[in-house]
Amino acid sequence: MNDQTTSPSGRSDFIREIVAADLREGRHEAVVTRFPPEPNGYLHIGHAKSICLNFGIAREFDGRCHLRFDDTNPVKEEQEYIDAIEADVRWLGFDWGEHLYFASDYFEQLYDWACHLVKNGKAYVDDLSADEIREHRGTLTEPGRESPWRDRPAEESLDLLERMRAGEFPDGSRVLRARIDMSSGNINLRDPVLYRILHSAHPRTGDAWCIYPTYDFAHGQSDAIEGITHSICTLEFQDHRPLYDWLIENLPVPSRPRQYEFARLNLTHTVLSKRTLMRLVNDGHVRGWDDPRMPTLTGLRRRGFPAEGIRDFANAVGVAKNEGVVEVGVLEHAVRDVLNRQALRRFAVLNPLKVVIENYPEGQVEEMEAVNNPEDPSAGTRPVPFTRELWIERDDFMEEPPRKFFRLAPGREVRLRYAYFITCREVVKDGEGEIVELKCTYDPETRGGDAPDGRRVKATLHWLSTAHALNAEVRLYDHLFREPYPGSDGRDAFEDLNPESETVLHDCFIEPALAELPTGEAVQFERLGYFCPDPDSAPDAPVFNRTLTLRDTWAKLQAQGKQDKA
RNA sequence: UGGCGAGUGGCCUAAUGGUAAGGCACCUGACUCUGGAUCAGGGGAUUGAAGGUUCGAGUCCUUCCUCGCCAGCCA
């Protein structure tokens, strides 16, 4: 018995309240939910919301959640997707234990139930073509017309259904339809198709079948077979609920599941429709389903988004029936929040500018002790080599600094993190006036980063010894779409693609400690953001993906054009 | 002119007839060897509209408006 109404985070929602009430009032001994993907594509962040809801409820109320593939349409489904989906759900942090199911496991039972409906006059074989059925269906405002085959004898329908199964008829020649109400305002009740002929091999049942149940006929009955108590789906299925209930009530099913609908996730600056995602991949706008810019779970994982961050995000957006659009910032905040706690800090210089410390002994190397994670003392420290010639970030120097620019400038003193204070003495330029080098001096008294005389600096920069830094490629990512609502106001979503969603930087430098970081392990490049090694990395050619930038108030000031304001 | 659903600060979500709460975002200040993090504070809502019931309405009733979904042998 469990009468809690809230999730561990203290939040609840209308579905959890229904579950809690059903348990409290004894309608069910335990809650059983299910996540029912069709294996025809990759899972994305929107599915994550559903996964977190279904598995989350099972976990919180001490019930169970099944992973069930809704594999009723062999022409679109593939084993590859089944494998990828299982991996993604596991990665997200959920476990279905023994409860892995396939709608195709129930084909025989479903067929028996189809016969049951026919025998009871609740279903019939229709010889109309797809076009004719459409014509008979009517429109949103006009009722449909009954098929001429609607009242044929049950025995005849039964015989035809058997012969459909036996493969006697070609695709599309006949269907099995429920006999409900051709004049219903709900089009799903206008004698919906239950079975269609598809001479197509199925990833799991092979060529055992040439007729396949539709979603409507398979889903609720699969729920009933598995003892699902709460069948949770998205809003677009609300219209199907009367049909869901009609089938359950007219069939000798072993349990009585109920369907509940919630609003699917929408996110700004991205798109979550399978069709658009597919086009992004097929038209080469991204490099694949796992491109770090994709909102797919495999893409987010490659990008370096931790599963915990995605779960936190799902929890933060809540579950309701109001279809809204969540700002990506909420997702990014959730991800930064876990990365800030967990990611090891490292130095990297993406856009290098050489600094020579003129008064530092040539050939000398000092090991500076750097903290691995200020949020987690147990992460310890590491040595970072310091020498006379260093790389710093080009953005950390300005020859003519505006008022609010605190970093290095001619004559200015700043701190090199964990090392010394340095002062810029001279700016060296090439023939074109490009700054190629900074000549600086350091104060030996400031070793470790503090001045004995108590003087302060306004900025602390990250740096790397030119002699020790490793070379790396770094891929910078930004929103795939520059518009918050891609394709709004009549535009094609693809017009809103962000041309700068990926910027590849070569000849970046990373600190030696980064040499052997496992793929996908997130680190923070101090002052820059969170990054993780990409699978494209080679032993001597590391590639890093930028997961997210750090919050950057300087960048914000620049964007607002306020950097000169007093 | 059909059916179903939804409208609460910029965004998301709560308040289950008792006097609008939280997260994100934004702004200020403190602190800081990351312009990060953290901490403290702040602005911002005539709850889609108009009526009605009630001592009292975001919540109940009526009418209206707006938005979303549905006419696959997809899910």
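Residue numbers start from 1 in every chain, and the chains themselves are labelled A, B, ... in the order their sequence lines are given, proteins ahead of strands.
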K.L.:
Which is true for A/V325 with a 4.0 Å heavy-atom rule: it touches a base, it touches only sugar-phosphate, or it touches nothing?
P.N.:
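Here A/V325 touches the backbone only, sparing every base.
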K.L.:
Please tell me which of the listed nucleotides, B/A25, B/A71, B/G35, lies nearest to the side chain of A/I187?
P.N.:
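Shortest atom-to-atom distance from the side chain points to B/A71.
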K.L.:
Under 4.0 Å, heavy atoms only, any strand: does A/I133 hit a base, just the sugar-phosphate, or nothing?
P.N.:
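Touches a base.
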K.L.:
Would you mind pulling out the nucleotide paired to B/C69, Watson-Crick or G-U wobble, both distances under 3.5 Å?
P.N.:
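Here B/C69 is engaged in a pair, and the nucleotide opposite it is B/G3.
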K.L.:
Counting only side-chain nitrogens and oxygens, does A/R196 get under 4.0 Å of the OP1 or OP2 atom of B/A75?
P.N.:
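Checking B/A75 against A/R196, a side-chain N or O does come within under 4.0 Å of OP1 or OP2.
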K.L.:
Is any side-chain N of the basic residue among A/D376 and A/R345 closer than 4.0 Å to the acidic one's carboxylate O?
P.N.:
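The answer is no: the pair does not qualify as a salt bridge.
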K.L.:
Does the side-chain ring of A/W554 sit on the six-membered ring of the B/G35 base, less than 5.5 Å centre to centre and under 30° in tilt?
P.N.:
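One would call A/W554 stacked on the B/G35 base.
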K.L.:
Mind checking whether A/F217 and A/W113 have ring centres under 6.0 Å apart?
P.N.:
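Centroid distance A/F217-A/W113: not below 6.0 Å, so no.
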K.L.:
How far does the C1' atom of B/G48 sit from the matching atom of B/G5, given to the nearest Å?
P.N.:
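Nearest-Å result for B/G48 against B/G5 at atom C1': 16 Å.
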K.L.:
So, is A/R527 close to the B/G35 phosphate, meaning a side-chain N or O under 4.0 Å from OP1 or OP2?
P.N.:
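Result: yes.
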K.L.:
Is A/E323 side chain donor-acceptor paired with the B/G7 base, going by distance under 3.5 Å alone?
P.N.:
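Check fails, no donor-acceptor contact within cut-off.
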K.L.:
Under 4.0 Å between a side-chain N/O of A/Q560 and OP1 or OP2 of B/C27, yes or no?
P.N.:
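Checking A/Q560 against B/C27: at least one side-chain N or O falls below 4.0 Å of OP1 or OP2.
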K.L.:
Heavy atoms only, 4.0 Å cut-off, all strands: where does A/R346 land among base, sugar-phosphate and nothing?
P.N.:
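If one applies the 4.0 Å heavy-atom cut-off, A/R346 turns out to touch nothing in the nucleic acid.
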K.L.:
In whole angstrom, give me the gap between the C1' atoms of B/G23 and B/U8.
P.N.:
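Taking atom C1' in both B/G23 and B/U8, they lie 15 Å apart.
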K.L.:
With rounding to the closest Å, how many angstrom separate the P atoms on B/A25 and B/C67?
P.N.:
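My reading of the P atoms in B/A25 and B/C67 gives 31 Å.
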K.L.:
Base, sugar-phosphate or nothing for A/L265? Non-hydrogen atoms, less than 4.0 Å.
P.N.:
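Nothing, no nucleic acid heavy atom in range.
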K.L.:
Regarding A/T268, tell me which of base, sugar-phosphate or nothing describes its non-hydrogen contacts under 4.0 Å with the strands shown.
P.N.:
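The residue A/T268 makes no contact with any strand.
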K.L.:
With sugar-phosphate meaning primed atoms plus P, OP1 and OP2, does A/N73 contact a base, only sugar-phosphate, or nothing at under 4.0 Å between heavy atoms?
P.N.:
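Since only primed, P, OP1 and OP2 atoms lie under 4.0 Å of A/N73, the category is sugar-phosphate.
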K.L.:
Measure from the side-chain heavy atoms of A/P374 and tell me the nearest of B/U34, B/C70, B/C74.
P.N.:
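That would be B/U34.
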K.L.:
For B/A37, does either OP1 or OP2 sit under 4.0 Å from a side-chain N or O belonging to A/R341?
P.N.:
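No, outside the criterion.
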K.L.:
Regarding A/L235, tell me which of base, sugar-phosphate or nothing describes its non-hydrogen contacts under 4.0 Å with the strands shown.
P.N.:
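Touches nothing.
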K.L.:
What does A/S129 touch in the nucleic acid at a heavy-atom separation under 4.0 angstrom: a base, only the sugar-phosphate, or nothing?
P.N.:
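The residue A/S129 makes base contact.
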K.L.:
Mind checking the C1' distance from B/C26 to B/G43? Whole angstroms is fine.
P.N.:
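So the two C1' atoms sit 9 Å from each other.
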K.L.:
Are A/F421 and A/Y442 an aromatic pair, judged by ring center distance below 6.0 Å?
P.N.:
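No.
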K.L.:
Please state whether the phosphate of B/U34, meaning OP1 or OP2, lies under 4.0 angstrom from any side-chain nitrogen or oxygen of A/H462.
P.N.:
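No, because none of the side-chain N or O atoms of A/H462 sits under 4.0 Å from OP1 or OP2 of B/U34.
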K.L.:
Applying a 4.0 Å non-hydrogen cut-off, can you work out what A/R551 is touching in the nucleic acid: base, sugar-phosphate, or nothing?
P.N.:
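Sugar-phosphate contact only - A/R551 comes under 4.0 Å of backbone atoms but never of a base.
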K.L.:
Over 60° means perpendicular and under 30° means parallel, so classify the ring planes of A/H479 and A/H269, tilted if in between.
P.N.:
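Because their plane-to-plane angle is under 30°, the rings of A/H269 and A/H479 count as parallel.
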K.L.:
Look at A/S184 and B/G2 and indicate whether a side-chain polar atom (N or O) is within less than 4.0 Å of OP1 or OP2.
P.N.:
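So the side-chain polar atoms of A/S184 never come under 4.0 Å of the phosphate oxygens OP1 or OP2 of B/G2.
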K.L.:
Could you work out the separation of B/A57 and B/G52 based on their P atoms and round it to a whole Å?
P.N.:
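Taking atom P in both B/A57 and B/G52, they lie 12 Å apart.
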K.L.:
Taking the side chain of A/Q238 as its heavy atoms from C-beta onward, which of B/G5, B/G36, B/G35 lies nearest to it?
P.N.:
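Looking only at heavy atoms from C-beta outward on A/Q238, the closest nucleotide is B/G5.
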K.L.:
Ring centroids only, cut at 6.0 angstrom: are A/W149 and A/Y124 within range, meaning strictly under it?
P.N.:
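Between A/Y124 and A/W149, which both carry aromatic rings, the centre distance is not below 6.0 Å.
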K.L.:
For B/C74, give the paired nucleotide (Watson-Crick: N1-N3 plus N6-O4 or O6-N4; G-U: N1-O2 and O6-N3; both under 3.5 Å), or none.
P.N.:
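For B/C74, the partner nucleotide comes out as none, under the 3.5 Å rule.
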K.L.:
Does the separation of the ring centres of A/F406 and A/W554 fall below 6.0 angstrom?
P.N.:
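Ring centroids of A/F406 and A/W554 are no less than 6.0 Å from each other.
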K.L.:
Report yes or no: is there a donor-acceptor pair, N or O only, under 3.5 Å between the side chain of A/R336 and the base of B/G36?
P.N.:
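By the distance-only test, no, there is no pair.
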K.L.:
Does a nitrogen or oxygen in the side chain of A/R345 sit under 4.0 Å from OP1 or OP2 of B/U34?
P.N.:
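Checking A/R345 against B/U34: no side-chain N or O falls below 4.0 Å of OP1 or OP2.
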K.L.:
For the C1' atoms, the ones on B/G7 and on B/A14, what distance do you get once it is rounded to whole angstrom?
P.N.:
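After rounding to an integer number of Å, I get 16 Å for this pair.
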K.L.:
When we call it a touch if two heavy atoms are under 4.0 Å apart, what does A/R177 touch: a base, just sugar-phosphate, or nothing?
P.N.:
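A/R177: no heavy atom of the nucleic acid under 4.0 Å.
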K.L.:
Looking at every strand, decide which applies to A/N40 at a 4.0 Å heavy-atom threshold: base, sugar-phosphate, or nothing.
P.N.:
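If one applies the 4.0 Å heavy-atom cut-off, A/N40 turns out to touch nothing in the nucleic acid.
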K.L.:
Using only side-chain N and O atoms of A/K556, determine if any of them is under 4.0 Å from OP1 or OP2 of B/C27.
P.N.:
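For B/C27, OP1 or OP2 has a side-chain N or O of A/K556 closer than 4.0 Å.
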K.L.:
So does A/E511 pair up with A/R382, basic N to acidic O under 4.0 Å?
P.N.:
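Yes, A/E511 and A/R382 are salt-bridged.
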K.L.:
Pairing check on B/G10: which nucleotide meets the Watson-Crick or G-U wobble criteria with it, both distances under 3.5 Å?
P.N.:
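Because both required distances fall under 3.5 Å, B/G10 counts as paired with B/C24.
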K.L.:
Does this structure show an ion pair linking A/D552 with A/K556, if we count only N-O contacts that are shorter than 4.0 Å?
P.N.:
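No.
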K.L.:
Looking only at the side chain of A/E236 (C-beta and beyond, no hydrogens), which of the listed nucleotides B/G35, B/A75, B/A25 gets closest?
P.N.:
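Closest nucleotide to the A/E236 side chain: B/A75.
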K.L.:
What nucleic acid atoms does A/Y195 come within less than 4.0 Å of, heavy atoms only: base, sugar-phosphate, or nothing?
P.N.:
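It contacts nothing in the nucleic acid.
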K.L.:
Would you say the base of B/A75 and the side-chain of A/H240 have a donor-acceptor pair closer than 3.5 Å?
P.N.:
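Yes, a donor-acceptor pair under 3.5 Å.
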K.L.:
Is the distance from OP1 or OP2 of B/A75 to the nearest side-chain N or O of A/T72 less than 4.0 Å?
P.N.:
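For B/A75, OP1/OP2 do have a side-chain N/O of A/T72 under 4.0 Å.
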K.L.:
Are the aromatic rings of A/F525 and A/F544 close, with centres under 6.0 Å apart?
P.N.:
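Yes, they do, as the ring centres are separated by less than 6.0 Å.
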K.L.:
Using the P atom as the reference point in each nucleotide, state the distance between B/C61 and B/C4 in Å, no decimals.
P.N.:
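Result for the P pair: 16 Å, nearest Å.
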K.L.:
Of all the nucleotides listed (B/G36, B/U13, B/A75), which has the minimum atom distance to the side chain of A/N322?
P.N.:
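Per side-chain heavy atoms of A/N322, the pick is B/U13.
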K.L.:
What's the closest nucleotide to the side chain of A/A320 if the choices are B/U13, B/C74, B/A37?
P.N.:
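Of the candidates, B/U13 comes closest.
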K.L.:
Below the 4.0 Å mark, does B/U13 have OP1 or OP2 next to a side-chain nitrogen or oxygen of A/K321?
P.N.:
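No, outside the criterion.
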K.L.:
Is A/R137 touching bases, backbone alone, or none of the nucleic acid, heavy atoms closer than 4.0 Å?
P.N.:
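The answer is sugar-phosphate, as A/R137 gets under 4.0 Å only of primed atoms, P, OP1 or OP2.
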K.L.:
Between B/A71, B/A75, B/G10, spot the one nearest the side chain of A/E327, thanks.
P.N.:
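For A/E327, the side-chain atoms sit closest to B/G10.
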K.L.:
Any base atoms under 4.0 Å from A/Q524, or only sugar-phosphate, or nothing? Heavy atoms, all strands.
P.N.:
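Counting heavy atoms under 4.0 Å across all strands, the contact made by A/Q524 includes a base.
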K.L.:
Counting only side-chain heavy atoms from C-beta out, which of B/C69, B/C12, B/A25 sits nearest to A/V317?
P.N.:
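Comparing B/C69, B/C12, B/A25 against the side chain of A/V317, the answer is B/C12.
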K.L.:
Roughly how far apart, to the nearest Å, are B/U59 and B/A6 at atom P?
P.N.:
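Between the two P atoms, the distance is 15 Å.
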K.L.:
What's the closest nucleotide to the A/E375 side chain, out of B/G36, B/G35, B/C70?
P.N.:
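The answer is B/G36.
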K.L.:
Which nucleotide, B/A37, B/C73, B/C12, lies nearest any side-chain atom of A/A130?
P.N.:
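Per side-chain heavy atoms of A/A130, the pick is B/C73.
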